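In what follows, a structure is listed as structure tokens, so that the remarks can point back to it.
Just so it is clear: chains get the letters A, B, ... in the order the sequence lines come, proteins before strands, and each one is counted from 1. What you see is a predicted model; the values in this text were computed from it and never measured.
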Amino acid sequence: MDAVQSAPPGTALYVHLPFCAAKCTYCDFFSLPAAGQDLDGVLEALLAEARMRAPQQPRTVFLGGGTPSLYPAPAIARWLDALDDLIGWRESATEVTAECNPESLDAHKAEALLEAGIQRLSIGFQTLDPKRLELFGRVHTPAMSFAAFQNARSAGCERLSVDLIYAAPDQSDEDWRRELETVLLLAPDHLSAYNLTIEPGTAFARWHARGDVQSLEEEVELAQFHSARDLCRQAGLHAYEISNYARPGQECRHNIGYWQNAQYVGIGPSAVSKVGNRRFGNPRSIEPWKRPVLRGESAAEWGEELDGPARLGETWWLGLRLGVGLSAVEARERARWSPLDGEPDRAEATAEELLGQGLLERDGERFRLSERGLPLADGVGRRFLAP
Amino acid sequence: MDPKLIRNFSIIAHIDHGKSTLADRMLEMTGAVDKRDMRAQILDDMDLERERGITIKARAVTIWHTFKGQKYQLNLIDTPGHVDFNYEVEKSLQACEGALLLVDASQGVEAQTVANAYLAIESDLEILPVLNKIDLAHARPEEVAEEIENSLGIDATNALAVSAKTGQGVTAVLDALIEKVPHPEGRVDEPLRALIFDAIYDEFRGIIVYIRVVNGTIEEKRNYHMLGTDKVYEASEIGRFTPKMSRTKVLGAGEVGYFISNIKALGDVRVGDTISLHKGPKVEMLPGYRPPSHMVYADFYPTNTGDFEQLREALETLKLSDSSLDFAPVTSEALGFGFRCGFLGLLHMEIIQQRLEREHDQDLIQTAPTVNYKIQLFNGEIEEIQSPGQLPDPDKYERIMEPISRVTIMVPSEYIGAVMQITVDHRGDYVRQEYLSATRVQLVYDIPMAELIFDYYDKLKSATRGYGTMNYELRAYEAGDLVKLRILVNGKEVDALSSVVHRDHAERRGRSAITKLRKEIPRHMFEIPIQAAIGGKIIARETIKALRKDVTAKCYGGDVTRKRKLLEKQKEGKRRMRSVGNVDIPQKAFLAVLGSSEDDK
């Protein structure tokens, strides 16, 4: 549908590896159980797509999914070599991340990934409670999570992140604090803590609709949100985004690009790209993605290009997710649009209004969410969006 | 057509007593409609009518029936059964010489049937009692005949017994119409006078005027004068309803049909007007109708302030086919420009609102209905107000007078106690009580109209398990100890939410209203106090707690578009509300002052 567009050198690259050991019950990303699938075929097609439109000398590379660590180490290494031949990422990238799950990150795999040029590993713990792991459809134990973490450290990984989910059914704040404290004792460099979200089309959504699982009370979820911020701060991890915490300098630069509404190229099924002012995405299915890319054609099945004011609103919504917030000037630069001379910047006026309502606060030229505005980020974001 | 071979009649019946079924059967048995074309309730062609099972607009149909070897033309003019549509009933009856009084032989006489039957008696119509549903096991025709005699003073000893469902007895009804209903008196050779008894707007053909020719003849290609509006139009098509529109080119005295002249100016056609030949002999206008009396008022505001003119056009179009609707521009501090509309009753209001939304695609904010109050100023002058917002401060007037209705209720006698209790609760005064038969009783009360529209009818229905029926008419205006109940949202008075209430009920009503507002108004990012006040005194208070958590946990490159669209959709939902101050108030909340809340029971 969309013509192949080329992104400028240095643009961030996302690679979607869609296979997992099993589908998690809360997950709405495009992923498939690996059993019986053509894993190598996907790598081959990814390379074909990279040949077509991966940016040269990307500053960041992110292998997501799915579970990239599910692939055998040599297969990944060979693929990364081939990718380097195409775009020279080893030379240019200052951050190369791979998402991993505990069941597929043994000592050997960890070493091989780092050897192949991966710098940053993000391990999906999700929870340390065995019953909850089962509820989430996870195929590992808490002990395997600790082992994976240790394997990564032993292999020499200096940028190690852990993913956790809170506000699970029946989870108390004490329960969550205990779990988080335990994880923080491992001294991860980065932590993502996500409030459980019931996404349409997932097993959780079906259970929720049937009444088998209930969402927590708003007050309990809010308490857990604040617990995450408090405990992480005490452990030296600052909240640089609504759900993301890092030691200074350990923030995920690749992801920050998304919140700064920057350009990126995504390859693989379901992957989304933003090139110029255009955002477009691949099908959430293997074959409809694979067939065109193997022929050297774009697989994109949808695309959008927002007008200037809409881009500006979107930029504010995304930018306010970041702890540092954004200034009106930054917003206009990122959106690549400014009102005509003499016309007021309506987004800036909205920010001023929210400032008056105590939902935003100002730090120099920058606006950021206030303590009260933080858990209302969507309500604040809506004010900037169309219509 | 010789007027002696014409009979014009209508059917008076309560909802669900089988009027539409009887009409269907008559159409089928006289061959007006093929059995395979037959769909139930063929006369009710407005979507809303089918849904609700009530007839809103009068419809007409011509059928042919042979009696003793002679073919007769029967014109059935359909009438609505609900009290709110009494005005329509009067228009229909004006075009008839007879009426079938159709009563369900198991249910018995209902209050609205009585009201409509009296209209027919006043119009000097020949009334033929017909007992329907006699095939049902629990039919009690003798008792119901007695009820007819006791409630209406009509001899029902020879009442016809039918089953509209099976067709049993329907031919006898057709025969009786010919035998007993007088033929129209006009002659075809007289100067033309035709009565406009209804009109609808057709996008392609202009206004379709429903007429009953009283004297003379009307034919195509001639110019006609509408006496009341003083407009002249050439008849481009004349015909009758069979029930489809079928062109006859001419209609003579006594006949019923339609007149088309591609009329687009809505104000040119007025139901009740008389049509005569342009430049023909001078004729007297047919007796006008009683002007409709508006019992209930409510304001309509466009959801988008810019749609005011579209709303005006929609109301003008509706008024054409429903001349009982009245409207005038109004301004609310909270809601901007809109229209204050007068209605015959609550059902009428609801139907107009739905027709505006469905047929005219209008998004509306409607305020809670109110009655017409009269304010006596200190200098003795009387002012009328149709909205609580118009009520001046208490020190500006001597007293407020409110409309009192005389309410007739018919119930099985075991519910008398229940009815008395809710009536006292609604400031009702007992007038009298009469037994219609051993098991059914007629109760008469004087109840303030405001209480009727508040929730009396709903309460009556539930207290009598649906068996109680009522009818009402305006009796008088009486002074009452009434006060304005003000509602403040986030510290700001919202005029469209205020109401006039009796002082003794003020606190309860105030609390009930704000309890409902608390449920209807969504949480915002800040706390919203809601207060009820009489004058400057706050009598009740509720708080809508601030929304504290509204945040997407995960938002990465692959999610941006989808999550943004979700937020935009949520925002779009809010646009359908009205923003007062910085609080978004949904349509339903504006009706919160009406009816008692759940926790109030």
Contacting moiety of [X], where chain B heavy atoms sit under 4.5 Å:
{"X": "A/Asn261", "value": "neither"}
{"X": "A/Glu199", "value": "side chain"}
{"X": "A/Leu374", "value": "backbone"}
{"X": "A/Tyr264", "value": "side chain"}
{"X": "A/Phe62", "value": "neither"}
{"X": "A/Leu222", "value": "both"}
{"X": "A/Glu304", "value": "side chain"}

Looking only at atom types and distance, does a side-chain atom of [X] sit under 3.5 Å from a main-chain N or O of [Y], one as donor and one as acceptor?
{"X": "A/Arg372", "Y": "B/Met525", "answer": "yes"}
{"X": "B/Thr515", "Y": "B/Arg511", "answer": "yes"}
{"X": "A/Ser31", "Y": "A/Pro18", "answer": "no"}
{"X": "A/Asp163", "Y": "A/Gln126", "answer": "no"}
{"X": "A/Arg311", "Y": "A/Ala335", "answer": "yes"}

**Asked** Going by the angle between their ring planes, with limits at 30° and 60°, are B/Phe339 and B/Phe308 parallel, tilted or perpendicular?
**Response** parallel
**Prompt:** If we only count heavy atoms from C-beta on, is the A/Cys24 to A/Phe29 side-chain gap below 4.5 Å?
**Reply:**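 Heavy-atom side-chain distance check fails, nothing below 4.5 Å.
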**Option that, when pairs with chain B are counted at under 4.5 Å, heavy atom only, ranks first among A/Val380, A/Leu196, A/Asp378, A/Leu318** =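 Of A/Val380, A/Leu196, A/Asp378, A/Leu318, A/Asp378 has the most heavy-atom pairs under 4.5 Å with chain B.
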**Message:** Heavy-atom pairs under 4.5 Å with chain B: which of A/Ala271, A/Ala377, A/Gly64 has the most?
**Reply:** A/Ala377
**Request:** Could you walk me through whether A/Leu63 and A/Tyr14 pass the side-chain contact (heavy atoms from CB on, under 4.5 Å) test, one step at a time?
**Result:** CA-CA 6 Å; A/Leu63 306 187; A/Tyr14 175 81; over 6 Å; no
**Prompt:** Which residue out of B/Cys555, B/Ala546, B/Gly558 racks up the most heavy-atom pairs below 4.5 Å with chain A?
**Reply:** B/Cys555
**Item:** Top contributor to chain A interface from B/Asp550, B/Val551, B/Leu567, B/Val560 [non-hydrogen pairs under 4.5 Å]
**Value:** B/Asp550
**Item:** Interface moiety of B/Lys569 toward chain A, non-hydrogen atoms closer than 4.5 Å
**Value:**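 For B/Lys569, there is no contact with chain A at all, as no heavy atom is under 4.5 Å.
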